[in-house]
Amino acid sequence: MRRAAGLLVLVLLLGGPALCAADPPALWLYCPTNLLVDANVDALGALFVRAHRAGYTTVLLEDSKFGRLGEMWTAYFDHIATVKRLAAESHLTIIPAICPIGYSNDLLARNPDLAEALPVRNQLFVVEHGLAQVQADPPVALPALADLRQWTWKDDVVLPDGDAVRITDNPGNARLVEKLTVAPFREYHIAVDIKTQDYSGTPEIHILAGTDDLNYTNLGASASQPWTQANITFNSLDHTTISIYFGQWGPAHGSLWWRNPRLEECGLVNLVRRPGAPLTITDAAGAPLVEGPRIPAISDPLMGRVKWPGDYDSWHQPPQVPASLPDGTRLRLSYYHTVTIGDGQVMICLSEPQTMDLIADHIRRVVAAWGAPGYFLSHDEIRVMGWDRSCLERHLTPGQILADNARRCIALVRAAAPAARLWIWSDMFDPNHNAHDHYYFVNGDLNGSWLGLDPAVNIALWNSGTAGPSSAFFAGRGHRLLIAGYYDAPVAGIHDWLHATAGRPVDAIMYTTWRGDYSQLEAFAAAARTP
């Protein structure tokens with residue numbers, strides 16, 4: 001899984017009866033892997049032996065291929081059988097992860113157009129030489145870096161360096177900012193060249209409209225790199241004034257250069273085509289036009305298929321729009337495009353009918369492959385929701401949409417595996433964490449999402465910052481708890497978790513590493529059992 005700092009991944013609970021209050025919490029182990037690779041199966045076997053010796057009982061196993069089992073060949077299922085045998089030999093229970101709702105790329109590999117999408121409204125296209133091309137409305141541009149006085153403001157540490165700006169050993173924030181006017185609900189592209197030398201910071205682009213940030217895409221810059229172009233796209237949503245920030249937040253050592261920043265209104269990048277996300281075309285008078293002989297069907301062949309199905313990027317060259325219309329013809333297009341978060345995270349649309357068909361098939365295949373005593377629902381960091389027609393026509397809040405989806409996923413797992421225990425990540429169902437208004441690109445309030453979880457569903461807590469109130473909230477609703485600890489931090493941090501959740505129904509504690517670092521496996525087990 002891919003998370004911001006502080007996120008915790010869990011290890012699933014054991015099948016069997018709930019622990020008594022006098023029993024110490026069981027120890028879990030989180031293992032993301034790729035079972036297509038022989039070496040990964042061997043590595044799991046060795047890790048299982050260590051885990052058993054250290055007192056672990058349960059493994060939360062995650063593999064992106066669980067969302068694509070219909071495409072896997074015999075060797076993959078042979079590896080599943082081997083992993084089952086290795087776990088049994090080490091007296092470990094495997095709990096497979098299912099339903100990747102939030103980080104949905106694996107499910108979207110089956111149909112990339114099921115991605116959640118943001119609206120573009122009445123974008124201007126003008127026909128020239130048989131192609132309808134975007135015309136910025138209003139025009140937009142960024143100043144050159146030759147004269148920094150043209151920019152709205154900058155931090156003192158941002159200095160001119162020829163045709164670039166340089167930041168070296170900045171003691172705090174180091175930002176260059178331009179404020180400008182845009183049209184609402186339009187798609188824009190920013191390109192900029194970045195160079196670094198032994199730079200410890202993380203170069204970022206933020207587009208702020210009031211308190212809203214319109215970009216969460218990582219630029220992927222390394223500590224030392226030659227001039228490299230970085231690209232992002234963003235949707236202006238309902239804003240008309242934005243501030244574009246190029247910079248580093250917080251202190252950093254080494255040097256960072258920015259060069260040649262460009263801004264343009266773009267169109268149809270990551271265009272989503274499905275019933276709940278329609279594309280419409282009108283002429284200058286507002287009369288509707290349809291795709292057909294004069295304007296062939298419009299699509300973006302790279303949307304969700306950059307390297308393989310389910311692989312999305314923030315920017316690629318927009319698709320062309322052939323148009324057998326006179327030059328100068330003005331068209332207005334309204335459509336929906338997906339948006340990436342972080343390193344390519346994309347959310348699946350919970351309101352498109354095909355989504356539940358896909359999820360149902362996914363659940364049946366995972367249960368058939370593993371026959372496990374429990375399953376972990378991977379609803380987590382759901383950052384885009386509620387903008388397309390399929391969502392809006394339900395007249396539900398995002399919290400109600402998520403509650404409905406959780407309820408339906410739980411029912412599907414129980415239908416396929418009636419005796420299985422279930423776990424789910426806490427964050428999207430926790431009013432102390434992410435279940436609130438103004439969460440990333442969620443259009444509305446996530447309040448009430450927790451109503452989709454009945455008390456028999458166990459809650460995996462991963463946010464240490466709200467351990468006390470979050471554990472109290474879920475315990476008050478009758479849920480048993482799993483603590484996801486470690487997070488590649490000092491193992492003694494588990495004591496803070498245990499102190500904050502004292503007196504709450506904690507059944508298990510999980511060793512959660514995002515870096516694949518199992519060097520502290522034994523030390524974490526000892527710390528978790530030491531008062």
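Atoms considered below: every heavy atom in the structure, side chains included; atoms not considered: hydrogens, waters and symmetry mates. Bear in mind that the values here come from a model prediction, so they are computed numbers and not experimental data.
Between D454 and R414, at least one side-chain nitrogen of the basic residue sits less than 4.0 Å from a carboxylate oxygen of the acidic one, meeting the salt-bridge criterion.
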**OP:** Evaluate the salt bridge (Lys or Arg N to Asp or Glu O under 4.0 Å) criterion for residues R394 and D404: first the C-alpha distance (whole Å), next the side-chain angles of each, then the deciding distance (0.1 Å), finally the verdict.
**Re:** CA-CA 11 Å; R394 297 179 71 183; D404 175 70; 3.0 Å; yes
Subject >> Check against side-chain contact (heavy atoms from CB on, under 4.5 Å), V442 and V384 >> reply: CA-CA 5 Å; V442 175; V384 187; over 6 Å; no
**OP:** For M385 and L350, run side-chain contact (heavy atoms from CB on, under 4.5 Å): C-alpha distance rounded to whole Å, both residues' side-chain angles, the deciding distance at 0.1 Å, then the answer.
**Re:** CA-CA 8 Å; M385 189 197 300; L350 299 184; 4.2 Å; yes
Original post:
Hey, mind stepping through E381 and Y439 against side-chain contact (heavy atoms from CB on, under 4.5 Å) and telling me if it holds?
Top reply: CA-CA 9 Å; E381 295 185 339; Y439 180 68; 3.9 Å; yes
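Scored by the ring-ring contact (aromatic ring centres under 6.0 Å, His included) test, Y216 finds Y440, F441 as partners (sequence neighbours excluded). Partners of N215 according to the side-chain hydrogen bond (donor to acceptor under 3.5 Å, both in side chains) rule, which considers only residues two or more places apart in sequence or in another chain, are T217. Every residue meeting the side-chain hydrogen bond (donor to acceptor under 3.5 Å, both in side chains) condition with Q229, not counting sequence neighbours, appears here in chain and number order: N231, R262. Partners of R85 under the salt bridge (Lys or Arg N to Asp or Glu O under 4.0 Å) rule, at least two apart in sequence or in another chain, are E89. Applying the ring-ring contact (aromatic ring centres under 6.0 Å, His included) rule to Y336 yields no partners; only residues at least two apart in sequence or on another chain are considered. When the salt bridge (Lys or Arg N to Asp or Glu O under 4.0 Å) test is applied to D300, no partner is found at least two apart in sequence or on another chain. Applying the side-chain hydrogen bond (donor to acceptor under 3.5 Å, both in side chains) rule to T74 yields no partners; only residues at least two apart in sequence or on another chain are considered. Partners of D388 according to the salt bridge (Lys or Arg N to Asp or Glu O under 4.0 Å) rule, which considers only residues two or more places apart in sequence or in another chain, are R274. For the ring-ring contact (aromatic ring centres under 6.0 Å, His included) test, residues two or more places apart in sequence or in another chain that qualify with H91 are H52. A search for salt bridge (Lys or Arg N to Asp or Glu O under 4.0 Å) contacts involving R305 returns D113, not counting sequence neighbours.
The backbone N or O of D517 lies less than 3.5 Å from a partner atom in the side chain of T513, making a donor-acceptor pair. Distance alone, capped at 3.5 Å, places no donor-acceptor pair between the D430 side chain and the S426 backbone. Between the T466 side chain and the P469 main chain, no donor and acceptor come within less than 3.5 Å of each other. At least one donor-acceptor pair under 3.5 Å links the side chain of Q400 to the backbone N or O of T397. Between the side chain of T338 and the main chain of A117, no donor-acceptor pair closer than 3.5 Å is present. Side-chain N or O atoms of N447 include none that pairs as donor or acceptor with a backbone N or O of D437 at under 3.5 Å. Here the side chain of H495 pairs a donor or acceptor atom with the backbone of A527 at under 3.5 angstrom. N463 places no side-chain N or O within 3.5 Å of a backbone atom of H433 that could act as its donor or acceptor partner. Side chain of S90 to main chain of L92: no donor-acceptor pair is present (N/O by atom type, distance under 3.5 Å, no hydrogens or angles). A distance-only check finds a donor-acceptor pair linking the side chain of T196 to the backbone of S222 [under 3.5 Å].
Residues D496 and H499 bring no donor and acceptor atom of their side chains to less than 3.5 Å of each other.
Side-chain atoms of L461 and L482, non-hydrogen and from C-beta on, never get closer than 4.5 Å to each other.
Between W450 and F473, the gap from one ring centroid to the other is short of 6.0 Å.
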Donor-acceptor pairs under 3.5 angstrom involving side-chain atoms of residues 363-371: please list them, not counting sequence neighbours.
| from | atom 1 | to | atom 2 | distance (Å) |
| --- | --- | --- | --- | --- |
| R365 | NE | D361 | OD1 | 3.4 |
| R365 | NE | D361 | OD2 | 2.9 |

Under 3.5 Å donor-acceptor pairs involving side-chain atoms of residues 36-49, not counting sequence neighbours:
| from | atom 1 | to | atom 2 | distance (Å) |
| --- | --- | --- | --- | --- |
| D38 | OD1 | H79 | NE2 | 2.9 |
| N40 | ND2 | N34 | O | 2.9 |

